[in-house]
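To start, the structure under review is shown below, and the notes come after it.
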Amino acid sequence: MPELPEVEHVCRNLQKLVVGKTIGCVEVRLPRIICYPSIQEFCAQLQGLTIQGVRRRGKYLIFSIPPFELISHLRMEGQYRLAISEEEQPHTHVVFHFTDGTELRYRDVRQFGTMHLTDRPENYPIGLQTLGPEPFDESLNASYFLQIAGRRKLSVKALLLQQDVIAGIGNIYADEALFLAGIHPAASCWQLKKKDWQRLLVSVREILQMAIEAGGSTIRSYADGYGRHGGFQIQLQVYQREGQPCQHCGREIVKIRLAGRGTHFCPKCQKIPRVQSDSQSVQRRKEA
DNA sequence: AGCATCTCCTGTAGGC
DNA sequence: TGCCTACAGGAGATGC
């Protein structure tokens, strides 16, 4: 499941593979992938245009194809692959035929991926329009999290998954970052102090940076533009390691369900920050 | 408003 | 062996 590091890697490879290529025609075999505009317009508008660049924003891939932008989200299992004459893999839903005889194939087993083609920001997918800051954005700091979530009772894991709060984090790296920060995923946002947010932000950046350098994580199906798998999965400390010993303390990794997602953590290393709430302090005064 | 749950989808794993 | 069910999850929709 591609998150920021995987999309970043795909993006860098696509920059090498498709920039400068001119589209001859486009084949759309699964209409649901194309969210905007209609299939007919999508194909007709791309014909004869040249790809000038590819960039990433959150988990979105944005192809610059003047005067348009093609915004592609891989969701769970979307993959791009540049091909010449190789046999086509099943679940290939969109094919961009280039004038040089090569083709860019979009493959997506679970059919969750989306594409938008537009020259107007108001037609961007909602998620891109409301996307929060990039994790490596220098203006991002602990105060931002305190301000946006300091009073909320939402779990910190659920908050990390909200793309309008911080862009690009998915289930794998949310679990890993919380482990690295020593914060319990079920801790409520209001329980975190500024230093906790600071530690979490540092951990998020550290995990994402390491994963980018390793070429991302391949859990089920992720592959880059060349069909290569990522290497970070072997460095995962908690994700999908339920029942195995924590590599820090030896305690069994536990799996719970949080925010509708499988959530993995070490019950010894990851604590809910201790906060003395008003009601608790009133209670203590009464007891005293 | 804020939060939880459901939905889309298919391959895989586990139980019987 | 073969069938059935649960599960995986990003993001948008829905409901409380």
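Just so you know, these numbers use all the heavy atoms, side chains as well, and skip hydrogens, waters and symmetry mates. Naming convention: chains lettered A, B, ... in sequence-line order (proteins, then strands); numbering from 1 in each chain.
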Counting just side-chain N and O atoms, does [X] come under 4.0 Å of either OP1 or OP2 of [N]?
| X | N | answer |
| --- | --- | --- |
| A/Q111 | B/dT10 | yes |
| A/K153 | B/dA4 | no |
| A/Q163 | C/dG10 | no |

Looking at A/A214 and A/Q235, what are the two nearest heavy atoms and their distance?
-> CB-NE2, 4.1 Å
If every non-hydrogen atom of A/V19 is compared with every non-hydrogen atom of A/G53, which pair is closest and at what distance?
-> CG2-CA, 3.8 Å
Side chain of [X]: nearest nucleotide among [options]?
| X | options | result |
| --- | --- | --- |
| A/M76 | C/dG12, B/dC9, C/dG10 | C/dG10 |
| A/R75 | B/dC3, C/dA8, C/dG10 | C/dG10 |
| A/R32 | C/dA11, C/dA8, B/dC9 | B/dC9 |
| A/V109 | C/dA11, C/dA8, B/dG11 | B/dG11 |
| A/L154 | C/dA11, B/dT10, B/dA4 | B/dA4 |

Give the rounded distance in Å between these two atoms: [atom1] of [X] and [atom2] of [N].
| X | N | atom1 | atom2 | answer |
| --- | --- | --- | --- | --- |
| A/R257 | B/dC6 | CZ | P | 10 Å |
| A/D164 | B/dC3 | CG | C1' | 13 Å |
| A/H73 | C/dG12 | NE2 | C1' | 11 Å |
| A/R29 | B/dC9 | CZ | C1' | 19 Å |
| A/L160 | C/dA11 | CG | C1' | 16 Å |
| A/I33 | B/dC9 | CD1 | P | 11 Å |
| A/R261 | C/dA11 | CZ | P | 9 Å |
| A/L159 | B/dC3 | CG | C1' | 12 Å |

Determine whether the aromatic ring centres of A/F265 and A/H184 lie less than 6.0 Å apart.
-> yes
Is the centre of the A/Y239 ring less than 6.0 Å from the centre of the A/H264 ring?
-> yes
May I ask you to say what A/R151 touches in the nucleic acid, namely base, sugar-phosphate or nothing, with a heavy-atom cut-off under 4.0 Å?
-> nothing
With a 4.0 Å cut-off on heavy atoms, is A/G127 in touch with a base, just the backbone sugar-phosphate, or nothing at all?
->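 Since only primed, P, OP1 and OP2 atoms lie under 4.0 Å of A/G127, the category is sugar-phosphate.
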Quick one: sort the A/Y80 and A/F63 rings into parallel, tilted or perpendicular, breaks at 30° and 60°.
->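 A/Y80 and A/F63: perpendicular rings.
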Under 3.5 Å, is there an N or O donor on one side and an acceptor on the other linking the side chain of A/R152 and the base of B/dG2?
-> no
